[in-house]
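This report concerns only the one structure given below.
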Protein chains: 2
Amino acid sequence: MPDPAPDPAIAFHAHDHAHCCGGLIAEAEAIAASRSVRLTPVRRRVLEILLEEHRALGAYDVLERLARDGFGNQPPVAYRALDFLVDQGLAHRVARLNAFMACTHPGHSHTPAVLICRLCRTVAEAPGSRVRAAIDAEAETAGFAVERTTVEVLGLCPACREGAR
Amino acid sequence: MPDPAPDPAIAFHAHDHAHCCGGLIAEAEAIAASRSVRLTPVRRRVLEILLEEHRALGAYDVLERLARDGFGNQPPVAYRALDFLVDQGLAHRVARLNAFMACTHPGHSHTPAVLICRLCRTVAEAPGSRVRAAIDAEAETAGFAVERTTVEVLGLCPACREGAR
DNA sequence: CGTCTGAACGTTATGCTATAACATACGCCA
DNA sequence: TGGCGTATGTTATAGCATAACGTTCAGACG
């Protein structure tokens, strides 16, 4: 499947964030329904928390916010919800940061490249198809069968790049 | 700089391992000397430990082996040596595994793609130039300035792929 | 030679990340 | 309505990483 057309790195652009969150929650609902899995209150709230900012949050950051809202305040509560979201492709784990981010275009089979701004910590997803193709080619040469890929890029987002001048 | 020519994913092939280790230690010595940094006994031993197998080792695994050899047995001892090796490009951190591996072709400026076999845990480096080019292209589109990349691939190495049939 | 200095190392203590294991509650449906 | 599978709550612990401080050591320089 090709990369989705619209706005790959939306996190880096000015946009109607309430609308972008609302839309993604609605998409998540639809996806969950179509797969007969349950987007329970905790899971939904965790997704909302991740969507509140385009930044990666640690599990304990999520947990703290959950606890404030009256959900359980022990680590497994957060980890289980996060694992669910990651399994369903509604969120991604950012290995480099030991943190999690909402997926901004769920429902597409994608192997995203995560762009992480080292100054403002904003994270965005770039289309990963071409990167993935390059990886597949190299793996092929080595006789290696690719199953999952992690592509994470540390650098400066457009705004911080300007500011850093 | 292009990817080094010889044997990108040596870890997956039968090879004279003693020779490969010895050669890499010698290279490390030369690199350290040329940069006026010191490959001290602890650092050298940590590199040897990483080289003993083509697998990624956790810091505490390294530490345990260090302690056996009479070096300090507290975490900072291992982490400091590992950080040094990573800084000098003599080792890589594998974010996905929270672990470390020896670099099999140090001294080249490379952005490696790490191939991780999910069955035997062997890790190898594939040339990352083409992958890096693809990343650069996507980042350019997003207006993002790339500084460092993490490319890690989980799957099956040639041997385990055979066995899995 | 002495001593100064900065790098490396040893040690204590602590913080952050993640999961095992078990108990409780809930939803579904036969 | 009783049974079953899924989800949640809770306790405890395991695994990964670093701050801070004191000591040691190698090399520079008078």
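All of these numbers come straight from a predicted model, not from anything done at the bench. In what follows, every chain begins at residue 1, and chains take the letters A, B, ... in the order their sequences are listed.
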Exercise. Does B:Asn98 have a side-chain nitrogen or oxygen under 4.0 Å from the phosphate oxygens OP1 or OP2 of D:dG15?
Worked result: no
Exercise. Going through the distances and angles, do A:Thr150 and B:Arg96 end up as a side-chain hydrogen bond (donor to acceptor under 3.5 Å, both in side chains)?
Worked result: CA-CA 8 Å; A:Thr150 301; B:Arg96 192 160 184 130; 2.5 Å; yes
Seminar exercise, completed: Of B:Val37 and B:Gln74, the one whose closest nucleotide on DNA chain C sits nearer the 5' end is B:Val37
For this session: Residues of residues 75-86 of chain B with any non-hydrogen atom less than 4.0 angstrom from an atom of DNA chain C: list those, numerically ordered, please.
Result: B:Pro76, B:Val77, B:Arg80
For this session: Send over the distance from A:Phe71 CZ to D:dT8 C1', rounded to a whole Å.
Result: 11 Å
Exercise. So, A:His17 versus A:His15: side-chain donor-acceptor pair below 3.5 Å or not?
Worked result: yes
Exercise. Within the side chain of B:Arg161, is there an N or O that forms a donor-acceptor pair under 3.5 Å with the backbone of A:Gly143?
Worked result: yes
For this session: Answer yes or no: is there an ion pair linking B:Arg35 with B:Glu29, defined by an N-O contact shorter than 4.0 Å?
Result: no
Exercise. Can you list, by residue number, the residues of residues 38-49 of chain A that have a non-hydrogen atom closer than 4.0 angstrom to DNA chain D?
Worked result: A:Arg38, A:Thr40, A:Val42, A:Arg43
For this session: Please confirm whether the backbone N or O of B:Leu66 pairs with a side-chain atom of B:Asp69, one donor and one acceptor, at under 3.5 Å?
Result: no
For this session: Find the distance B:Gln88:CD to C:dA7:P and express it as a whole number of Å.
Result: 14 Å
Problem set entry | Donor-acceptor contact below 3.5 Å, side chain B:Glu125 vs main chain B:Thr104 | yes
For this session: Would you please classify the geometry between the A:His92 ring and the A:His110 ring as parallel, tilted or perpendicular, with 30° and 60° separating the classes?
Result: tilted
Exercise. Should B:Arg65 and B:Glu53 count as an ion pair when the cut-off is N to O under 4.0 Å?
Worked result: yes
Seminar exercise, completed: The correct set of residues in residues 52-68 of chain A placing a heavy atom under 4.0 Å from DNA chain D is none
Exercise. Using 4.0 Å as the upper bound for N to carboxylate O, is an ion pair formed by A:Glu152 and A:Arg118?
Worked result: no
Exercise. What's the CZ-C1' distance between B:Phe100 and D:dC16, to the nearest Å?
Worked result: 9 Å
Problem set entry | Side-chain ion pair, B:Arg132 and B:Asp136, N-O less than 4.0 Å | yes
Exercise. Which atom names give the shortest non-hydrogen contact between B:Leu90 and B:Leu47, and what distance separates them?
Worked result: O-CD1, 3.8 Å
